[in-house]
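One structure below.
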Amino acid sequence: MEERYDFKKVEERWQRAWQEQKTFKVVEDPSKPKYYCLEMFPYPSGRIHMGHVRNYAIGDVISRYKRMRGFNVLHPMGWDSFGLPAENAAIKHGIPPAQWTFENIAYMRDKQLKRLGLSYDWDREVTTCLEEYYRWNQWFFIRMYERGLAYKKLSYVNWCPSCNTVLANEQVEQGLCWRCSSVVTHKELEQWFFKITAYAEELLSYCEKLTGWPERVLTMQRNWIGKSIGVEADFTVQGSAEKLTIFTTRPDTLYGVTFMSIAPEHPMVESLINGTPDADQVRAFCQRVMREDRAERTDEKRKKEGMFTGAYAINPLNNERVPIWVGNFVLMEYGTGAIMSVPAHDQRDFEFARNYGLPIRVVIQNAEKNLDPSTMKEAYVEEGTMVNSGPFDGTPNGAGKEKVADYVEQRNIGRRTVNWRLRDWGISRQRYWGTPIPIIYCEACGAVPVPEKDLPVRLPKDVALTGKGRSPLSESQSFRDTTCPTCGGRAHRETDTMDTFVDSSWYFLRYCSPGESVAPFDKKAAGYWMNIDQYIGGIEHAVLHLLYARFFTKVIRDLGLYDGDEPFLNLLTQGMVIKDGAKMSKSKGNVVDPDFILTKYGADTARLFSLFAAPPERDLEWSDQGVDGAYRFLHRVWAVVYKNIERVKDVKPAGSEARGDTLYRKTHLTIKKVTEDIEREFHFNTAISALMEMVNALYDYTSDGVEEQQLPVLRSAIDMLTLLIAPFAPHLAEELNASLGNKASIAHSSWPTYDPEAIVAAEVTIVVQVNGKVRSRLTMPVGAPDREAEAAALADPKVKEYTLGKLPKKVIVVPGKLVNIVV
RNA sequence: GCCGCUGUGGCGGAAUUGGCAGACGCAAGAGACUUAAAAUCUCUCGACGGGCAACUGUCGUACCGGUUCGAUUCCGGUCAGCGGCACCA
């Protein structure tokens, strides 16, 4: 053992050893309990950032800890390697996307992740842009197509007129293109969709069962799915056979309808205005609203505007005639695209009615009975009693909702229904670097799925990428032109590729059997490893990836491939890495490069700092001095072992005979504390602080020299410290472990257990309070009866001073902790 | 506007079931070692006040109130910050 800790030498040595000995390779072993620990896999952008370091350090501590606890741990890593940046690099630098991607993967894996000493089974590496992976995306697509879960429809998409391409919702930031900041418009295009709405109810109800998820993530998912229960009601159009169907969550206000509003895109607009005097103006109004871009259309400050169509509807409950308006605030995508307007009890309708002089009628009266349309300043949306509502007058409006719904259903003028905010998942992308959608369009047979035997549909390599024009694949004639698998006639392939979120929706199943070649994964292997006991990643995926992956898992279950309902049992959303009060980003210039930290301080320091500075779910403020502190601590550990190693090398560690020794007690207290902190919500920061306390105790213990009879206790302290620090600083721990004469890797050593007898102190400090304020402290033997503590407290001179001879009214004794005297 | 989260020293944070507020680390100050510096080691370190001193008094966990012998912790209200959703009928 060298005097000075040379992290570079030590870390390289052990990284090589782990790789050569395949220390972290795992296979299914039914005799051992399994543990599947997964960190969200990265996009191979070229460089990892501190957020990755933090994410993987957290996952690695958990994996290494569970491994030492005797679990068979699956801890894999891979690459979410399809995506637009590769295409952009190709356009900008003329490098093929595949080359760019694989070079990045090689650098990130070999020069960055492996340097961090992460305990992955690299034999299970999964790379989504490889044929062996994306062919199964195509396979899933076809299975879903057969079941009606993948379908094509004409729909409005986000379109960037400058980049000349479709953008995903997540690529639209405040209505602007993320790449060029152009205003995003709408465009109607034929797109492929996955029918995630078929699982809306289950995705929502299973949120209850995800007890290992942070509440805020579940809330975000619930909001995103957005279930509203209500009623659809049919209003007849006066002088027409057509019916206008509306959706409402407030059937209790049906008698308060004073007008109707429909979306400008509503298919009935034309028939309603046909022949009316203002038809042209209404048409022009609708055109104008529909031309507005996304940002304008959803601006909260936009004025509510509308026009009277000239047509009237009949309220099926009271047969009143109400005017039908077109409103710029009515959304075609939600409900039926038409609403009943009840200005007295809906703020938007209220503003609209005031604006255009439409009547307002109160049908829910408040407790003070003072609601009057002529004096109302805003809509009344609280609880109340139904009035002006025919047979329902006097009914509390909560109960009224159900009664009116019953009534509507009995009279066959409407029905109970549920509306969802969740939309089907549009997966078509007009991009090159993604999974080709396995569909062939035949002039005779229409859309035909590619037969399974013809999979994969390979991504062609000879495509010129310009960033302009249509889908790059449509420019490749050899790709596009093909024959129909059904009739053999002339046909062409679908040239759009899949959203990259498809890739990440099932990769965790692939890790269970990464070499599988006849199915996406082996059912038995997945049965052994799933579900994921701990999933770790950033909060930014709270809705998108985590919702898509839940959806895919349920589809895969229904395909009979996997027996489970949910993929992720426990979810840890780690906080961001912050510097100078802001998230690290190139534009802010506050980025700390992991390579620099690894070179200057080493992996163990980088890991230790990012685990110590904050608990995992909270944001972590980067501190250069904090990194120095972590570095100093590792050197302190090394130095105290180095100073004593020659003397303890051949000493047998102390056992229960050493109970009563201060260091022996501290050692066992530390085992208890570190174990409990890891088990309790992964509070690594306090676990590490306990290790620091133990090291401080070791310095105290050895500062004046060590007697011969103290050596076994010292030896056991050093042994235990090495084991406890192993998940956090694995290189240092391996080196100390080897220096102490152990041959096997510490990664598979058993986690220590503490001796409950050893942590019991002979004496405890009892806090003495007078009226709840601390006035004195007493030292009492452990287990002293309450009345002895009480008597000792009352006899205390300080206590006497504060009680001034008055008799105590009450004395509260908390055994072993506190005596409170109330006077 | 709705939903969620968070407010503790100069800073990051700790206090696990309502029982010693500030563990551990950083920064700062003093000292030891050194020709000197770095490194290392030791000590001090919430605010205000009293004492030569060991020590000691009061206040203090965003703010106001409540429950309790006792509140950073529980309850009600207010404020601030962060995040998500948002014309969803």
Side-chain angles (χ1 to χ4, degrees), chain A residues 4 214-224 226-228 230 246-250 253 261 263 297-304 327-331 333-342 345-349 351-352 419-422 539-540 542-543 575-576 578 608-609 612-615 617-630 632-633 635-636 639 673 676-677 679-681 683 685-696 699-700 703 765-777 808-814 816-823:
Chain A
R4 199 154 165 79
E215 195 51 44
R216 62 173 177 155
V217 175
L218 292 172
T219 304
M220 283 161 78
Q221 293 226 340
R222 288 191 188 105
N223 287 346
W224 189 268
K227 181 181 187 177
S228 29
I246 59 94
F247 172 75
T248 181
T249 54
R250 294 294 307 273
T253 64
S261 306
R297 192 81 188 261
T298 55
D299 185 354
E300 62 177 311
K301 287 189 276 297
R302 195 172 70 140
K303 233 180 102 187
K304 288 176 185 42
N328 67 349
F329 63 97
V330 184
L331 304 171
E333 316 90 81
Y334 188 78
T336 61
I339 56 173
M340 62 179 210
S341 293
V342 185
H345 306 296
D346 181 283
Q347 188 57 27
R348 288 155 303 174
D349 296 345
E351 287 169 27
F352 198 84
N419 253 296
W420 303 92
R421 195 188 158 281
L422 183 70
I539 187 77
E540 66 272 19
V543 174
M576 291 185 298
I578 303 273
L608 196 78
F609 170 73
F612 177 64
E617 66 281 0
R618 252 203 259 184
D619 285 350
L620 179 145
E621 173 77 37
W622 185 265
S623 153
D624 293 334
Q625 288 96 341
V627 178
D628 284 329
R632 268 200 292 272
F633 170 66
H635 279 83
R636 265 169 78 77
K673 171 84 176 147
E676 287 176 358
D677 283 350
E679 292 288 344
R680 181 176 60 94
E681 312 274 324
H683 280 192
N685 55 331
T686 51
I688 292 167
S689 73
L691 291 170
M692 289 171 167
E693 283 188 55
M694 183 174 164
V695 171
N696 291 345
Y699 272 82
D700 285 347
S703 60
T765 303
I766 307 257
V767 172
V768 182
Q769 298 181 332
V770 178
N771 291 336
K773 283 188 194 289
V774 180
R775 294 303 178 190
S776 184
R777 288 180 179 84
K809 226 189 288 177
K810 197 174 170 186
V811 180
I812 292 124
V813 182
V814 181
K817 270 191 179 163
L818 164 141
V819 178
N820 188 15
I821 297 154
V822 187
V823 292

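Below, read A as the first sequence line, B as the second, and so on, with proteins coming before strands; counting in each chain starts at 1.
Looking at heavy-atom distances under 4.0 Å, A:Lys809 makes no contact with the nucleic acid at all. Nucleic acid contact class of A:Glu693 (heavy atoms, under 4.0 Å, all strands): sugar-phosphate only.
For A:Thr249, counting side-chain heavy atoms from C-beta on, the closest listed nucleotide (B:A89, B:C24, B:C87) is B:A89. Comparing B:C20, B:U58, B:C69 by their closest approach to the side chain of A:Arg777 singles out B:C20. Relative to the side chain of A:Arg618, the nucleotides B:C20, B:A14, B:A27 differ in distance, and B:A14 lies closest. Looking at the side chain of A:Arg636, the nearest of the listed nucleotides B:G12, B:A27, B:C41 is B:C41. In the set B:C85, B:C24, B:A89, the nucleotide with an atom closest to the side chain of A:Tyr334 is B:A89. With B:C59, B:G12, B:C88 as the candidates, the nucleotide lying closest to the side chain of A:Arg348 is B:C88.
Distance alone, capped at 3.5 Å, places no donor-acceptor pair between the A:Asn419 side chain and the A:Ser228 backbone.
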Applying side-chain contact (heavy atoms from CB on, under 4.5 Å), run through A:Phe329 and A:Phe352 and close with a yes or a no.
CA-CA 10 Å; A:Phe329 63 97; A:Phe352 198 84; 3.5 Å; yes
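Side-chain contact check for A:Arg216 versus A:Ile539: some heavy-atom pair is nearer than 4.5 Å.
The same atom, P, is picked in B:G13 and in B:A23; the two are 15 Å apart, to the nearest Å.
The pairing partner recorded for B:U35 is none, the criterion being a Watson-Crick or G-U wobble arrangement whose two distances lie under 3.5 angstrom.
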